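Nothing fancy with the numbering, it's 1 onward along the sequence. As a basis for the values below, the full set of heavy atoms in this structure was taken, side chains included, without hydrogen atoms, waters or symmetry mates. What you see is a predicted model, and the numbers here were worked out from it, not measured in a lab.
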Amino acid sequence: NAKVEMAVAAGDVDFYILYTNDQASNPQLMDKLVAGGVKAGSIATQAIAADGTRAPQFNEPDFDSAFHAAQSLALAAKEKGWNEEEVVFFEMGFDEAGGPFLKRNEGAYAGVKSVYTNIEIVDSSSTGDAEVAFQRTLDYLQTLPKDKKFLAWTHSDDMSASMLAAIMQA
């Protein structure tokens, strides 16, 4: 509840992923997200607001959540008028961990390519270390051509925070 309220209060959240096994709380959470104009997806349980708004449910959480996150990112860029030729998708995966992490990468690629078919994709790896994610993001941003726009995706929250810190520093 507190996290949903914080996301709505932030005013600039485009997509929220509900990941809870407590299906009874989802209608209340969805009502708050709908009222705040925040789109949502749900992992593990169904989520329907009182007005009937239904969050897509991710049946394959690793693939589907990454797909929707990358697709939402690409759609937001397209709505801003960013053309495919000027966009770079920086994918900070964790391939060497295998299994679910490979599924997340596949989902992210499919999601961004559902909007930008021939987008330039730059693969990187966090190696599961937030400091590595920070440094590799910063290093790449320092070489990013001025005419390119940067879209970034990663496999977990702590890597996202590190990448955001690198973006802010760059």
Side-chain angles (χ1 to χ4, degrees), residues 3-4 6-7 10-20 33 38-44 47 55-170:
K3 289 179 182 178
V4 165
M6 185 171 40
D12 62 354
V13 173
D14 296 316
F15 195 79
Y16 191 91
I17 297 176
L18 293 168
Y19 196 178
T20 177
L33 292 165
V38 178
K39 294 177 187 171
S42 181
I43 297 175
Q57 186 172 340
F58 307 143
N59 297 318
E60 292 185 47
D62 290 305
F63 182 91
D64 291 349
S65 60
F67 178 94
H68 287 289
Q71 182 186 54
S72 295
L73 181 65
L75 286 169
K78 195 167 204 164
E79 286 174 14
K80 289 182 178 215
W82 294 8
N83 298 315
E84 185 170 304
E85 301 77 34
E86 65 184 340
V87 179
V88 173
F89 184 65
F90 187 75
E91 184 273 335
M92 179 68 69
F94 187 17
D95 294 359
E96 54 272 44
F101 294 93
L102 293 172
K103 283 289 189 194
R104 291 175 191 173
N105 289 359
E106 290 173 23
Y109 298 144
V112 76
K113 287 185 172 211
S114 73
V115 177
Y116 291 123
T117 316
N118 297 309
I119 192 168
E120 179 183 346
I121 296 177
V122 175
D123 290 305
S124 192
S125 174
S126 71
T127 70
D129 184 313
E131 290 180 25
V132 170
F134 172 87
Q135 193 59 54
R136 289 184 176 172
T137 304
L138 185 61
D139 290 348
Y140 180 74
L141 286 170
Q142 291 173 345
T143 66
L144 185 69
K146 298 279 185 212
D147 63 337
K148 292 288 185 176
K149 298 186 184 318
F150 184 75
L151 299 179
W153 175 89
T154 190
H155 60 87
S156 69
D157 293 348
D158 50 345
M159 302 308 148
S160 296
S162 292
M163 291 176 75
L164 181 57
I167 291 166
M168 292 171 71
Q169 183 171 325

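The ring pair (Phe, Tyr, Trp, His ring centres under 6.0 Å) test applied to F101 returns F94, H155, not counting sequence neighbours. Not counting sequence neighbours, the partners of S156 by the side chain to side chain donor-acceptor pair (under 3.5 Å) test are D158. Under the ring pair (Phe, Tyr, Trp, His ring centres under 6.0 Å) criterion, Y140 pairs with F90, sequence neighbours left out.
Residue M168 holds its CE atom at 13.0 Å from CG of L141, rounded to the nearest 0.5 Å. Between S124 atom OG and M163 atom CE the span is 7.5 Å, to the nearest 0.5 Å. Separating the CG atom in N105 from the CG atom in D123 is a distance of 7.5 Å, to the nearest 0.5 Å. With rounding to the nearest 0.5 Å, the separation of NE2 in H68 from CG in L75 is 11.0 Å.
When atom types are taken as modelled, the side chain of S42 and the backbone of A55 share no donor-acceptor pair closer than 3.5 angstrom. Within the 3.5 Å criterion, the main-chain N or O of I121 finds no donor-acceptor partner in the side chain of E91. The backbone N or O of G111 sits less than 3.5 Å from a side-chain atom of S114, completing a donor-acceptor pair.
Taking the side chain as every heavy atom from C-beta outward, L33 and L18 approach each other to under 4.5 Å. At least one side-chain heavy atom of K3 sits less than 4.5 Å from a side-chain heavy atom of Y16. Side-chain atoms of W153 and V112, non-hydrogen and from C-beta on, never get closer than 4.5 Å to each other. Side-chain contact check for I17 versus S65: some heavy-atom pair is nearer than 4.5 Å. Inter-residue side-chain proximity for K149 and K80 is flagged as unmet; no heavy-atom pair is nearer than 4.5 Å.
Nearest heavy-atom pair, S126 versus M159, reported as atom, atom and distance to 0.1 Å: CB-SD, 3.7 Å. Taking each heavy atom of A74 and L151 in turn, the nearest pair found is CA-CD1, 4.3 Å. Here the closest non-hydrogen pair linking D14 and A76 is OD2-CB, 4.5 Å. Across every non-hydrogen atom of A40 and P56, the tightest pair is O-CD, 3.1 Å.
Here salt bridge (Lys or Arg N to Asp or Glu O under 4.0 Å) pairs that include residues 95-116, with residues two or more places apart or in two chains, are D62-R104, K103-E106. Listed by first and then second residue, the ring-ring contact (aromatic ring centres under 6.0 Å, His included) pairs that reach into residues 108-128 come to none, sequence neighbours excluded.
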Give the table of side-chain donor-acceptor pairs shorter than 3.5 Å for residues 129-138, with sequence neighbours excluded, one pair per line with atom names and distance.
unit_1: D129; atom_1: OD1; unit_2: E131; atom_2: N; d: 2.7
unit_1: D129; atom_1: OD1; unit_2: V132; atom_2: N; d: 3.3
unit_1: Q135; atom_1: NE2; unit_2: D139; atom_2: OD1; d: 2.7
unit_1: R136; atom_1: NH1; unit_2: S125; atom_2: O; d: 2.6
unit_1: T137; atom_1: OG1; unit_2: A133; atom_2: O; d: 2.7

